[in-house]
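Below is one structure; the comments refer to it alone.
Just so you know, residue 1 is the first one in the sequence shown, and it goes up from there. Just so you know, these numbers use all the heavy atoms, side chains as well, and skip hydrogens, waters and symmetry mates.
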Amino acid sequence: MPTGFSLIFAASLFLLLLDCCSGSFVGVCYGRSADDLPTPDKVAQLVQLHKIKYVRIYDSNIQVLKAFANTGIELMIGVPNSDLLSFSQFQSNADSWLKNSVLPYYPATKIAYITVGAEVTESPNNASSFVVPAMTNVLTALKKLGLHKKIKVSSTHSLGVLSRSFPPSAGAFNSSHAHFLKPMLEFLAENQSPFMIDIYPYYAYRDSRSKVSLDYALFDASSEVIDPNTGLLYTNMFDAQIDAIYFALMALNFRTIKVMVTETGWPSKGSPKETAATPDNAQTYNTNLIRHVINNTGTPAKPGEELDVYIFSLFNENRKPGLESERNWGLFYPDQTSVYSLDFTGRGAVDMTTEANITKSNGTTWCIASSKASQIDLQNAIDWACGPGNVDCTAIQPSQPCFEPDNLASHASFAFNSYYQQNGASDVACSFGGTGVKVDKDPSYDKCIYMRAGSNKTVTSNTTAMSTSSSSLNGNSSSIFTFLLVTCLFALMHIQRY
């Protein structure tokens, strides 16, 4: 009896340990409103190549589910608005869909969420009254198969579901949606499912430029916006909009429901009047977003709260209607080349000429890859630097300190700088056919330390590079991890004694 109890105790602690070490994640939406996209199997390869671990699709397309089988990538699948009526009317429809369209591919294809309807309040054919009955039937179908604890059921919403979003503390749901929102929130609370929201600071800036600054929308604001009711300070619109949802939930006494962002992003191209839709702004927004999420920063009203986010979208989609920007939210072109560089690990700067996460050092310069350089030119330059240029490129090999982020711009920057410093830090030594640029801000990150003038050591372990806040957060996580690990070991030792 003591042995069995100890084993259960140790196992429970181990599961708790795993849970406490989980954090916020960033995924990508895989929309398919285009006639020039690569096949799903090639898309799955592309996603794996870029180390994207979470993907949202808007239906349950069989070819897509097959393509993502055995990849380890977690999927969010959807029941389209057009199916809400049939799913809400008959339990058998939900049962058949799950049996025929989902179960044959699960669990080889990891499915963690099912969205029942998408932004129904924005749909021209108001199907909101069908959402909760359809969600209930899908959940019942999952229960029959014993999958209701492994696959969560929810529905996505636009920010238009709120009647007020500023100041965040005044966040309130639109009363015209109360007929379906209240039972939905009860469903989410009872089943521990997240409230899914699509957040787009781009639109708030585009439509209210006199009231919203571009820096505030891009996470680049140096000033703070103060909520007069709470005194909370906001440096970006994303956090303010998330907190508006949380305050709206609290106003209705739903305090246990977590928020998940199922769409956000920034377009790289737009119509003549959409001047903020540029590759640079898209890269800035998504890079800052990823860092913000991965660091488990939380929001002013929910500091440290886990917040999972999906970036819209994987590809530019040429069949989407509306302004030019609607067809240019993609991270990749249909030929699978990047619209701009993006690092999903949240480490370091992707375009290391930006100010973010780079410290200034008086009198010292570094040489990095130009953000305007083509992939072919960067590869050729790396080959030369690591070959005839006699640069030690060990650090950018797999499992080495500078391998991540695994992209040409990052690897080229390390190689360029090493050659530059070894050859007198002259302008000529940073040319690389026009692909190199000099900066006065140290591009080092994590344990990847860039050589500087007078330094003979290129890469060292850097345990003090983290910011105070990050160190504090990681220190706390490490302490919890160590405590639980030691406790588990003691429990296991106790088992051996019996």
Side-chain angles (χ1 to χ4, degrees), residues 24-29 31 54 56 58 76 78 113 115 117-122 154-174 177 181 188 194-208 211-221 225 227 232 234-250 257-267 276-277 281-282 284-302 305-314 325-326 329-331 342:
S24 305
F25 68 73
V26 178
V28 179
C29 299
Y54 304 88
R56 177 190 175 191
Y58 294 81
M76 175 185 292
Y113 295 97
T115 60
E119 297 190 352
V120 290
T121 59
E122 303 295 320
S154 189
S155 184
T156 69
H157 310 277
S158 75
L159 198 64
V161 77
L162 297 182
S163 59
R164 291 194 307 273
S165 61
F166 188 83
S169 59
F173 288 111
N174 192 321
H177 304 318
L181 269 177
L188 298 180
F195 183 88
M196 297 178 169
I197 187 74
D198 298 341
I199 295 284
Y200 286 105
Y202 168 75
Y203 289 126
Y205 170 74
R206 186 193 70 180
D207 300 336
S208 303
K211 298 179 181 179
V212 179
S213 73
L214 182 59
D215 287 347
Y216 186 63
L218 292 173
F219 291 87
D220 271 352
V225 175
D227 186 319
L232 295 174
Y234 291 85
T235 58
N236 64 83
M237 176 167 281
F238 180 86
D239 280 353
Q241 292 180 334
I242 294 296
D243 276 354
I245 295 292
Y246 272 120
F247 278 107
L249 288 169
M250 287 189 285
I257 298 176
K258 290 190 174 183
V259 172
M260 172 184 279
V261 179
T262 39
E263 285 184 15
T264 191
W266 199 279
N281 285 343
T284 298
Y285 178 84
N286 285 326
T287 297
N288 289 338
L289 169 75
I290 291 171
R291 291 193 186 114
H292 189 63
V293 172
I294 295 299
N295 289 338
N296 288 306
T297 307
T299 64
K302 294 280 187 176
E305 182 81 10
E306 181 178 314
L307 181 66
D308 300 329
V309 173
Y310 290 80
I311 293 176
F312 186 85
S313 177
L314 195 58
S325 63
E326 292 300 314
W329 289 82
L331 305 180
L342 198 61

| message | Tell me if the aromatic rings of Tyr200 and Tyr205 count as close, with their centers under 6.0 Å from one another. | response | no

| request: May I ask you to decide if the ring planes of Trp266 and Tyr202 are parallel, tilted or perpendicular, using 30° and 60° as cut-offs? | output: perpendicular

| query | Given side chains that start at C-beta, do those of Phe173 and Leu162 come closer than 4.5 Å, heavy atoms only? | reply | yes

| query | Just by modelled atom types, is the Ser24 backbone N or O under 3.5 Å from a matching donor or acceptor in the Asn296 side chain? | reply | yes

| query | If you round to the nearest 0.5 Å, how far is OG1 of Thr115 from CE of Met260? | reply | 11.0 Å

| said: Quick check against the 3.5 Å criterion: does Arg56 have a side-chain atom that pairs as donor or acceptor with the backbone of Thr262? | reply: yes

| query | Pick from Val28, Ile290, Thr264, Ile294: which one makes a side-chain contact (heavy atoms from CB on, under 4.5 Å) with Val309? | reply | Thr264

| Does the ring center of Tyr216 lie less than 6.0 Å from the ring center of Phe166? | no

| message | I want to check something: taking the side chain as every heavy atom from C-beta on, are Ser325 and Arg206 in contact at a cut-off of under 4.5 Å? | response | yes

| message | Distance check, rounded to the nearest 0.5 Å: Thr284 atom OG1 versus Leu289 atom CG? | response | 12.0 Å

| query | Looking only at atom types and distance, does a side-chain atom of Tyr234 sit under 3.5 Å from a main-chain N or O of Pro300, one as donor and one as acceptor? | reply | no

| remark: All heavy atoms of Ser155 vs all of Gly117, minimum pair found to be OG-O, 3.2 Å

| message | Ignoring hydrogens and geometry beyond distance, is a side-chain donor-acceptor pair present between Tyr54 and Asp308 at under 3.5 Å? | response | no

| task | Please say which of Asn236, Asp243, Asp239 ends up in a side chain to side chain donor-acceptor pair (under 3.5 Å) with Thr299. | result | Asp243

| query | Are Thr287 and Leu342 close enough that some pair of their side-chain heavy atoms sits under 4.5 Å apart? | reply | yes

| task | For the pair Trp329 and Tyr203, name the ring-plane relationship: parallel under 30°, tilted 30 to 60°, perpendicular over 60°. | result | tilted

| Mind checking whether Leu159 and Ile245 have side chains closer than 4.5 Å, heavy atoms only? | yes

| Aromatic ring pairing Phe219/His292, orientation class (parallel under 30°, perpendicular over 60°, tilted between) | tilted

| task | Verify the distance criterion only: is there a donor paired with an acceptor across the side chains of Asp198 and Ser158 at less than 3.5 Å? | result | no

| task | Go through the steps to decide whether Phe238 and Val261 satisfy the test side chain to side chain contact (heavy atoms under 4.5 Å, CB included), and finish with yes or no. | result | CA-CA 10 Å; Phe238 180 86; Val261 179; 3.9 Å; yes

| query | Got a second to check how far Tyr310's OH is from Met196's CE, nearest 0.5 Å? | reply | 7.0 Å

| task | Give the minimum heavy-atom separation between Pro194 and Ser154, together with the two atoms involved. | result | O-OG, 2.7 Å

| task | Report yes or no: does Ser165 contribute a side-chain atom to a donor-acceptor pair with the main-chain N or O of Ala244 at less than 3.5 Å? | result | no

| note | Value for OG1 (Thr297) from CG (Leu307), rounded to nearest 0.5 Å, stands at 10.0 Å

| request: Please assess Leu214 against Asn281 for the test side chain to side chain contact (heavy atoms under 4.5 Å, CB included), listing each intermediate value before the final yes or no. | output: CA-CA 9 Å; Leu214 182 59; Asn281 285 343; 4.0 Å; yes

| field | Validation row: Leu249, Val259 side chains within 4.5 angstrom (heavy atoms) | value | yes

| Where do Ser313 and Gly31 come nearest, in terms of heavy atoms and distance? | OG-N, 3.6 Å

| Nearest-0.5 Å distance that lies between atom NE2 in His157 and atom CD1 in Ile199 | 12.0 Å

| query | Any sub-3.5 Å donor-acceptor pair from Asp227's side-chain atoms to Pro167's backbone N or O? | reply | no

| note | Separation between CE (Met237) and OG (Ser213), nearest 0.5 Å, reads 8.0 Å

| request: Using a 4.5 Å cut-off on heavy atoms from C-beta on, say whether the side chain of Glu263 contacts that of Thr156. | output: no

